[in-house]
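Input: a single structure, listed below in structure tokens.
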Amino acid sequence: MKTDLSRRRWLYGGVAVVAAGAGVGGAWVKHDASAASAASAASAASAAGSVDEGDPAFWSRSFTRPEGGELKLADLRGKPLLVNFWATWCPPCVEELPMVDRFFRDHATSGWQVIGLAIDQPSSVRKFLEKTPVSFPVGLAGLEGTELVKQLGNTGGGLPFTLVVQADGKVAARKMGKLEPADLEAWRRAYVHG
């Protein structure tokens, strides 16, 4: 009888030690995953704010223009800049382009610059712009554009995506989704003077 009682105690004690070890191990793994997640989020936040610090990598980019030539971001520093990422296969992108074009025509004289970066096949962009021309410069961003929108804070990479950069190079606004006239008006009022 004593032997059975002693065995049970050892069995229960062993189970308790294993359970405690599993609990400690689980907590350690969870803590490790939390730390990795926090580091990943900090890295993404740093990348999203890279333009805020005047990152030369952002300003050194250039894109081929559909009609030929290059669109150099460095040439656009020093004035408010609206960057609109779009694609021909994206209905909200296509819907907002005339409004973005009107904004450019109406406010270029007050210092606003507007560019469109097409995340699309060059032939599709050229064909689209022949039928629906815009007066602001367009660059062919292709797959590089998908990575760029993620670096600029649009981690899902969805379109349309619009970014406003102040004259001093700091990101003033980001919008994922279709623009509304109120967005453009609010940005114009707030950031035209940097």
Side-chain angles (χ1 to χ4, degrees), residues 46-88 90 93-94 96-154 157-176 178-179 181 183-194:
S46 171
S50 64
V51 178
D52 293 340
E53 284 87 42
D55 181 16
F58 174 79
W59 294 106
S60 67
R61 294 179 190 267
S62 63
F63 302 92
T64 302
R65 296 195 56 179
E67 68 277 9
E70 274 190 306
L71 174 60
K72 296 178 183 179
L73 294 184
D75 294 343
L76 304 171
R77 285 184 105 163
K79 293 182 181 177
L81 172 65
L82 184 140
V83 183
N84 181 255
F85 291 89
W86 65 281
T88 62
C90 166
C93 299
V94 171
E96 74 182 12
L97 279 179
M99 178 179 54
V100 173
D101 191 47
R102 192 168 39 259
F103 177 83
F104 173 69
R105 289 190 318 261
D106 292 348
H107 302 291
T109 57
S110 63
W112 272 96
Q113 302 174 99
V114 174
I115 61 169
L117 294 178
I119 300 177
D120 210 329
Q121 294 293 322
S123 58
S124 299
V125 175
R126 288 183 186 100
K127 188 185 293 185
F128 175 84
L129 291 173
E130 285 174 12
K131 294 178 184 173
T132 312
V134 295
S135 42
F136 58 85
V138 172
L140 300 170
L143 290 177
E144 179 186 348
T146 304
E147 285 307 308
L148 182 56
V149 297
K150 290 177 181 177
Q151 291 170 6
L152 294 172
N154 178 359
L159 294 176
F161 177 64
T162 305
L163 182 76
V164 175
V165 182
Q166 297 180 79
D168 63 4
K170 292 184 180 176
V171 174
R174 293 175 177 88
K175 174 146 186 190
M176 172 56 215
K178 185 180 172 194
L179 290 174
D183 298 321
L184 295 172
E185 183 58 21
W187 295 338
R188 182 194 66 78
R189 288 177 186 236
Y191 305 114
V192 73
H193 299 293

Handout entry: Basic-acidic side-chain contact under 4.0 Å: Glu185, Arg189
Key = yes

Practice task
Run the numbers on Leu152 and Phe58 for side-chain contact (heavy atoms from CB on, under 4.5 Å), then give the verdict.
Solution key: CA-CA 9 Å; Leu152 294 172; Phe58 174 79; 4.0 Å; yes

Exercise for the section: Determine the minimum heavy-atom distance between Pro137 and Phe104, stating which atoms define it. Expected result: CD-CZ, 4.5 Å

Fill in the blank from the handout: Rounded to the nearest 0.5 angstrom, the CG-NZ distance for Leu82 and Lys175 is 11.5 Å

Practice task
Tell me, yes or no, whether the heavy-atom count around Lys79 atom NZ, taken from other residues, nucleotides or ligands under 6.0 Å, exceeds 12.
Solution key: no

Exercise for the section: Just do the side-chain contact (heavy atoms from CB on, under 4.5 Å) check on Ile115 and Leu76 with the steps written out, would you? Expected result: CA-CA 9 Å; Ile115 61 169; Leu76 304 171; 3.6 Å; yes

Problem - Contact check, side chains of Asn84 and Phe136, non-hydrogen atoms, under 4.5 Å - result: no

Problem - Which atom of Lys178 lies closest to which atom of Asp183, heavy atoms considered - result: O-OD2, 4.3 Å

Handout entry: Close side-chain approach of Leu148 to Phe85, heavy-atom, < 4.5 Å
Key = yes

Handout entry: Val138 side chain near Leu71 side chain, heavy-atom distance below 4.5 Å
Key = no

Practice task
Please report the closest heavy-atom contact between Ala172 and Gln166, naming both atoms and the distance.
Solution key: CB-CG, 3.5 Å

Result block: side-chain N/O donor-acceptor pairs under 3.5 angstrom for residues 61-70, not counting sequence neighbours:
from, atom 1, to, atom 2, distance (Å)
Arg61, NH1, Glu144, OE2, 3.0
Arg61, NH2, Gln151, OE1, 2.9
Ser62, OG, Glu70, OE2, 3.0
Arg65, NE, Glu67, OE2, 2.9
Arg65, NH2, Glu67, OE2, 2.7

Handout entry: 4.5 Å side-chain heavy-atom contact, Met176 and Val149
Key = no

Practice task
Taking the side chain as every heavy atom from C-beta outward, state whether Trp187 and His107 have any atom pair closer than 4.5 Å.
Solution key: no

Handout entry: Donor-acceptor contact below 3.5 Å, side chain Lys127 vs main chain Glu130
Key = no

Exercise for the section: Could you give me the CA-CA distance, side-chain angles and deciding distance for Val100 and Val134, then say whether side-chain contact (heavy atoms from CB on, under 4.5 Å) is met? Expected result: CA-CA 9 Å; Val100 173; Val134 295; over 6 Å; no

Problem - Qualifying residues under ring pair (Phe, Tyr, Trp, His ring centres under 6.0 Å), relative to Phe128, sequence neighbours excluded - result: Trp86

Exercise for the section: Could you pull out the closest heavy-atom pair between Glu96 and Leu179, with the gap in Å? Expected result: OE1-N, 2.6 Å

Practice task
Provide the closest heavy-atom pair for Leu159 versus Ala87 in the form atom of the first, atom of the second, distance.
Solution key: CD1-CB, 3.8 Å

Practice task
Measure the spacing between CD1 of Ile119 and OG1 of Thr88 and express it to the nearest 0.5 Å.
Solution key: 11.5 Å

Practice task
With Leu163 as reference, evaluate Asn154, Val83, Leu117 under the side chain to side chain contact (heavy atoms under 4.5 Å, CB included) test and give the passing residue.
Solution key: Val83

